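Heads up: the structure comes next, in C-alpha coordinates.
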Amino acid sequence: MTETSANAVENPTDRLALPRYLRDAEVHPHLDFEGYKSTALRHPKQPLVALPHAFTEITGPLLGEGRLGELDNDLTRQHAEEPQGQRIIVHGRVLDSDGRPVPQTLIEIWQANAGGRYRHVVDNWPAPLDPNFTGLGRTLTDDQGRYTFTTVKPGAYPWKNHHNAWRPAHIHFSLFGRAFTQRLVTQMYFPDDPLFPYDPIFNSVPDEKARQRMVSRFDLATTQPDWALAFEFDIVLRGSEQTPFEDAHDEDEE
(Lines give C-alpha, C1' and ligand atoms only; values in the text may rest on other atoms or scores of the structure.)
Protein backbone atom coordinates (compact mmCIF):
# COMPACT_ATOMS: atom_id res chain seq x y z
CA MET A 1 0.00 0.00 0.00
CA THR A 2 1.46 3.37 -0.98
CA GLU A 3 1.54 6.36 1.37
CA THR A 4 -0.95 8.21 -0.79
CA SER A 5 -3.56 5.46 -0.82
CA ALA A 6 -3.12 4.80 2.88
CA ASN A 7 -3.55 8.39 4.10
CA ALA A 8 -5.65 10.24 1.58
CA VAL A 9 -9.44 10.36 2.06
CA GLU A 10 -11.02 10.42 -1.34
CA ASN A 11 -13.93 12.80 -1.86
CA PRO A 12 -16.50 11.05 -4.12
CA THR A 13 -17.49 14.41 -5.65
CA ASP A 14 -13.97 14.72 -7.11
CA ARG A 15 -14.95 12.10 -9.66
CA LEU A 16 -18.35 13.54 -10.50
CA ALA A 17 -18.75 15.58 -13.67
CA LEU A 18 -21.76 17.74 -12.79
CA PRO A 19 -23.56 19.40 -15.74
CA ARG A 20 -23.61 23.17 -15.96
CA TYR A 21 -26.42 25.05 -17.68
CA LEU A 22 -26.04 28.58 -18.98
CA ARG A 23 -28.70 31.11 -18.04
CA ASP A 24 -30.49 32.31 -21.18
CA ALA A 25 -30.81 36.08 -20.85
CA GLU A 26 -33.76 36.15 -23.26
CA VAL A 27 -35.76 33.55 -21.34
CA HIS A 28 -35.13 34.28 -17.66
CA PRO A 29 -35.83 37.58 -15.89
CA HIS A 30 -32.93 39.98 -15.49
CA LEU A 31 -31.65 40.21 -11.92
CA ASP A 32 -32.17 43.99 -11.92
CA PHE A 33 -35.35 45.01 -13.77
CA GLU A 34 -36.16 48.73 -13.73
CA GLY A 35 -39.94 48.33 -13.66
CA TYR A 36 -39.80 45.88 -10.74
CA LYS A 37 -38.62 48.17 -7.94
CA SER A 38 -37.51 45.72 -5.27
CA THR A 39 -35.02 44.00 -7.60
CA ALA A 40 -32.77 47.05 -7.20
CA LEU A 41 -32.39 46.27 -3.48
CA ARG A 42 -31.82 42.54 -3.58
CA HIS A 43 -30.06 41.55 -6.78
CA PRO A 44 -26.37 40.55 -6.42
CA LYS A 45 -23.90 43.44 -6.64
CA GLN A 46 -20.85 41.20 -7.07
CA PRO A 47 -20.11 38.40 -9.57
CA LEU A 48 -21.66 35.11 -8.50
CA VAL A 49 -19.35 32.51 -6.97
CA ALA A 50 -20.01 28.84 -7.76
CA LEU A 51 -19.68 26.77 -4.59
CA PRO A 52 -18.83 23.07 -4.97
CA HIS A 53 -21.53 20.73 -3.69
CA ALA A 54 -20.71 18.12 -1.10
CA PHE A 55 -21.69 14.52 -1.71
CA THR A 56 -24.65 14.68 0.70
CA GLU A 57 -26.04 17.79 -1.03
CA ILE A 58 -26.05 15.98 -4.36
CA THR A 59 -27.47 12.66 -3.22
CA GLY A 60 -29.95 13.58 -0.51
CA PRO A 61 -32.36 13.99 1.10
CA LEU A 62 -34.56 12.01 -1.23
CA LEU A 63 -38.22 12.93 -1.38
CA GLY A 64 -40.77 10.17 -1.56
CA GLU A 65 -44.47 9.42 -1.35
CA GLY A 66 -44.22 8.72 2.38
CA ARG A 67 -43.89 12.46 2.99
CA LEU A 68 -47.19 13.35 1.29
CA GLY A 69 -50.65 13.47 2.81
CA GLU A 70 -53.78 12.27 1.04
CA LEU A 71 -55.18 15.79 0.57
CA ASP A 72 -51.93 17.65 -0.05
CA ASN A 73 -52.79 18.21 -3.73
CA ASP A 74 -56.44 19.14 -3.09
CA LEU A 75 -56.52 22.65 -1.62
CA THR A 76 -60.33 22.59 -1.49
CA ARG A 77 -60.52 19.73 1.04
CA GLN A 78 -57.95 20.70 3.66
CA HIS A 79 -60.46 22.34 6.05
CA ALA A 80 -63.92 21.66 7.48
CA GLU A 81 -65.69 23.34 4.55
CA GLU A 82 -64.83 24.25 0.97
CA PRO A 83 -63.20 27.61 0.24
CA GLN A 84 -64.96 30.41 -1.62
CA GLY A 85 -64.23 30.93 -5.30
CA GLN A 86 -64.15 29.23 -8.68
CA ARG A 87 -63.00 25.63 -8.23
CA ILE A 88 -60.29 24.68 -10.77
CA ILE A 89 -58.17 21.67 -11.72
CA VAL A 90 -54.55 22.50 -12.60
CA HIS A 91 -52.61 19.71 -14.27
CA GLY A 92 -49.67 19.15 -16.59
CA ARG A 93 -46.37 17.39 -17.02
CA VAL A 94 -42.75 18.04 -16.06
CA LEU A 95 -40.51 17.45 -19.09
CA ASP A 96 -36.81 17.57 -19.89
CA SER A 97 -35.28 19.29 -22.92
CA ASP A 98 -36.10 16.30 -25.17
CA GLY A 99 -39.74 16.15 -24.12
CA ARG A 100 -39.22 13.14 -21.88
CA PRO A 101 -41.25 12.97 -18.64
CA VAL A 102 -39.48 13.66 -15.35
CA PRO A 103 -40.99 11.36 -12.68
CA GLN A 104 -40.84 11.71 -8.90
CA THR A 105 -40.47 15.51 -8.99
CA LEU A 106 -41.83 17.18 -5.86
CA ILE A 107 -44.06 20.09 -6.90
CA GLU A 108 -45.20 22.57 -4.28
CA ILE A 109 -47.61 25.44 -4.99
CA TRP A 110 -48.73 28.48 -3.03
CA GLN A 111 -51.27 31.11 -3.95
CA ALA A 112 -53.66 33.84 -2.84
CA ASN A 113 -57.31 33.02 -2.13
CA ALA A 114 -60.20 33.93 -4.43
CA GLY A 115 -60.14 37.48 -3.03
CA GLY A 116 -56.46 37.92 -3.85
CA ARG A 117 -55.15 37.63 -0.28
CA TYR A 118 -52.41 35.34 0.99
CA ARG A 119 -52.54 33.73 4.41
CA HIS A 120 -49.32 35.53 5.37
CA VAL A 121 -48.42 37.88 8.22
CA VAL A 122 -47.34 40.72 5.92
CA ASP A 123 -50.38 40.55 3.62
CA ASN A 124 -52.78 43.07 5.15
CA TRP A 125 -54.68 44.58 2.25
CA PRO A 126 -58.43 44.68 3.04
CA ALA A 127 -59.59 41.55 1.24
CA PRO A 128 -61.10 38.87 3.50
CA LEU A 129 -59.15 35.83 4.63
CA ASP A 130 -60.91 32.55 3.90
CA PRO A 131 -60.89 30.26 6.98
CA ASN A 132 -61.23 27.26 4.65
CA PHE A 133 -58.25 28.05 2.44
CA THR A 134 -54.56 27.87 3.33
CA GLY A 135 -53.25 28.21 -0.22
CA LEU A 136 -50.54 25.54 -0.01
CA GLY A 137 -50.28 22.21 -1.80
CA ARG A 138 -47.77 19.61 -2.97
CA THR A 139 -47.57 16.41 -4.96
CA LEU A 140 -45.14 14.13 -6.80
CA THR A 141 -45.11 13.59 -10.56
CA ASP A 142 -45.99 10.07 -11.64
CA ASP A 143 -44.04 7.82 -14.02
CA GLN A 144 -45.19 9.95 -16.98
CA GLY A 145 -44.20 13.22 -15.29
CA ARG A 146 -47.86 14.13 -14.67
CA TYR A 147 -49.23 16.12 -11.74
CA THR A 148 -52.69 17.39 -10.68
CA PHE A 149 -53.92 19.98 -8.17
CA THR A 150 -57.48 20.90 -7.25
CA THR A 151 -57.79 24.44 -5.93
CA VAL A 152 -59.65 27.74 -6.49
CA LYS A 153 -58.72 30.43 -8.96
CA PRO A 154 -56.71 33.11 -7.12
CA GLY A 155 -57.77 36.75 -7.32
CA ALA A 156 -55.70 39.72 -8.47
CA TYR A 157 -54.24 41.93 -5.73
CA PRO A 158 -52.53 45.33 -5.36
CA TRP A 159 -48.80 45.37 -4.59
CA LYS A 160 -47.72 49.06 -4.57
CA ASN A 161 -44.86 48.65 -7.06
CA HIS A 162 -46.18 51.62 -9.03
CA HIS A 163 -49.37 53.69 -9.22
CA ASN A 164 -52.46 51.43 -9.42
CA ALA A 165 -50.29 48.29 -9.55
CA TRP A 166 -52.19 44.98 -9.51
CA ARG A 167 -50.72 41.53 -9.99
CA PRO A 168 -52.40 39.21 -12.52
CA ALA A 169 -53.93 36.05 -11.03
CA HIS A 170 -51.15 33.49 -10.67
CA ILE A 171 -50.00 30.38 -8.81
CA HIS A 172 -46.42 29.94 -7.59
CA PHE A 173 -44.70 26.65 -8.47
CA SER A 174 -41.61 25.21 -6.79
CA LEU A 175 -40.00 22.05 -8.19
CA PHE A 176 -37.52 19.90 -6.32
CA GLY A 177 -35.37 17.30 -8.04
CA ARG A 178 -33.62 14.52 -6.17
CA ALA A 179 -32.29 16.88 -3.49
CA PHE A 180 -33.08 20.25 -1.91
CA THR A 181 -30.24 21.87 -3.86
CA GLN A 182 -32.13 21.11 -7.09
CA ARG A 183 -34.94 23.64 -6.88
CA LEU A 184 -36.63 25.74 -9.56
CA VAL A 185 -39.35 28.37 -9.00
CA THR A 186 -41.79 29.87 -11.49
CA GLN A 187 -45.30 31.32 -11.71
CA MET A 188 -48.29 30.03 -13.66
CA TYR A 189 -50.69 32.62 -15.12
CA PHE A 190 -54.17 32.28 -16.59
CA PRO A 191 -54.97 32.95 -20.26
CA ASP A 192 -56.20 36.35 -21.48
CA ASP A 193 -55.57 38.22 -18.23
CA PRO A 194 -56.05 41.98 -18.88
CA LEU A 195 -53.29 42.83 -16.37
CA PHE A 196 -50.45 41.24 -18.39
CA PRO A 197 -49.36 44.49 -20.16
CA TYR A 198 -49.08 46.33 -16.81
CA ASP A 199 -47.24 43.74 -14.70
CA PRO A 200 -43.44 44.26 -14.50
CA ILE A 201 -42.83 40.79 -13.06
CA PHE A 202 -44.53 39.07 -16.01
CA ASN A 203 -42.80 41.45 -18.42
CA SER A 204 -39.36 41.03 -16.84
CA VAL A 205 -39.05 37.97 -19.11
CA PRO A 206 -37.71 39.63 -22.30
CA ASP A 207 -38.91 37.15 -24.91
CA GLU A 208 -42.64 37.11 -25.77
CA LYS A 209 -42.62 33.37 -26.58
CA ALA A 210 -40.96 32.66 -23.23
CA ARG A 211 -43.60 34.76 -21.43
CA GLN A 212 -46.34 32.71 -23.04
CA ARG A 213 -44.76 29.53 -21.65
CA MET A 214 -45.78 30.82 -18.19
CA VAL A 215 -49.45 31.06 -19.24
CA SER A 216 -51.63 27.98 -18.73
CA ARG A 217 -54.06 26.64 -21.35
CA PHE A 218 -57.78 26.33 -20.70
CA ASP A 219 -58.57 22.62 -21.00
CA LEU A 220 -62.21 21.89 -21.82
CA ALA A 221 -61.57 18.14 -22.07
CA THR A 222 -60.52 17.97 -18.40
CA THR A 223 -63.13 20.46 -17.19
CA GLN A 224 -65.65 18.69 -14.95
CA PRO A 225 -69.36 19.35 -15.74
CA ASP A 226 -71.09 21.32 -12.97
CA TRP A 227 -67.95 21.15 -10.81
CA ALA A 228 -64.64 22.69 -11.97
CA LEU A 229 -62.80 24.43 -14.82
CA ALA A 230 -59.44 22.96 -15.84
CA PHE A 231 -56.13 24.50 -16.90
CA GLU A 232 -53.08 22.70 -18.31
CA PHE A 233 -49.54 23.85 -17.50
CA ASP A 234 -46.51 21.87 -18.67
CA ILE A 235 -43.13 22.75 -17.18
CA VAL A 236 -39.97 22.24 -19.25
CA LEU A 237 -36.79 22.16 -17.20
CA ARG A 238 -34.29 23.24 -19.87
CA GLY A 239 -33.66 23.59 -23.58
CA SER A 240 -35.20 25.89 -26.21
CA GLU A 241 -38.71 25.44 -24.76
CA GLN A 242 -37.65 25.97 -21.15
CA THR A 243 -40.13 27.48 -18.71
CA PRO A 244 -38.78 30.81 -17.34
CA PHE A 245 -37.64 30.40 -13.74
CA GLU A 246 -36.90 32.99 -11.10
CA ASP A 247 -34.47 33.29 -8.20
CA ALA A 248 -35.77 31.42 -5.16
CA HIS A 249 -35.75 34.51 -2.92
CA ASP A 250 -38.20 36.28 -5.28
CA GLU A 251 -41.03 34.23 -3.81
CA ASP A 252 -41.15 36.16 -0.54
CA GLU A 253 -43.02 39.24 -1.72
CA GLU A 254 -45.23 38.34 -4.62
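It should be emphasised that the depicted structure is a prediction, and the values quoted were computed from it without experimental measurement.
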Would you confirm whether [X], through its side chain, and [Y], through its main-chain N or O, come within 3.5 Å as a donor-acceptor pair?
{"X": "Asp193", "Y": "Phe190", "answer": "no"}
{"X": "His28", "Y": "Phe245", "answer": "yes"}
{"X": "Asn73", "Y": "Thr148", "answer": "yes"}
{"X": "Thr141", "Y": "Tyr147", "answer": "no"}
{"X": "Arg211", "Y": "Pro206", "answer": "yes"}
{"X": "Thr186", "Y": "Pro244", "answer": "yes"}
{"X": "His120", "Y": "Val122", "answer": "yes"}
{"X": "Arg238", "Y": "Ser97", "answer": "no"}

Under the criterion salt bridge (Lys or Arg N to Asp or Glu O under 4.0 Å), I'd like the reasoning laid out for Asp98 against Arg100: C-alpha separation, chi angles, the key distance, then a yes or no. CA-CA 6 Å; Asp98 296 320; Arg100 294 174 299 196; 3.4 Å; yes
With a 3.5 Å cut-off and no angle check, do the side chains of [X] and [Y] form a donor-acceptor pair?
{"X": "Thr151", "Y": "Gln111", "value": "yes"}
{"X": "Thr150", "Y": "Arg87", "value": "no"}
{"X": "Asp219", "Y": "His91", "value": "yes"}

Student check: side-chain heavy atoms of [X] and [Y] closer than 4.5 Å:
{"X": "Val152", "Y": "Leu75", "value": "no"}
{"X": "Thr243", "Y": "Phe173", "value": "no"}
{"X": "Ile201", "Y": "Gln187", "value": "yes"}
{"X": "Ser174", "Y": "Arg183", "value": "yes"}
{"X": "Asn113", "Y": "Pro83", "value": "no"}
{"X": "Glu108", "Y": "Phe176", "value": "yes"}
{"X": "Thr223", "Y": "Phe218", "value": "yes"}

Gap separating the CG atom of Asp72 from the CZ atom of Arg138, nearest 0.5 angstrom: 5.0 Å
Go through Tyr198 and Asn164 one step at a time and tell me if the side chain to side chain contact (heavy atoms under 4.5 Å, CB included) criterion holds. CA-CA 10 Å; Tyr198 312 103; Asn164 209 9; over 6 Å; no
Test ring pair (Phe, Tyr, Trp, His ring centres under 6.0 Å), reference Tyr118, set Trp110, Trp125, Tyr157, output is Tyr157
Parallel, tilted or perpendicular: which one describes the rings of Tyr189 and Phe196, with boundaries at 30° and 60°? perpendicular
Less than 4.0 angstrom from a charged side-chain N to a carboxylate O is my criterion; do Asp199 and Arg167 meet it? yes
Working for side chain to side chain contact (heavy atoms under 4.5 Å, CB included), residues Ile171 and Phe233: CA-CA 11 Å; Ile171 297 176; Phe233 183 57; over 6 Å; no
Test log, rule side chain to side chain contact (heavy atoms under 4.5 Å, CB included), inputs Phe133 and Arg119: CA-CA 8 Å; Phe133 191 71; Arg119 185 178 291 275; 5.6 Å; no
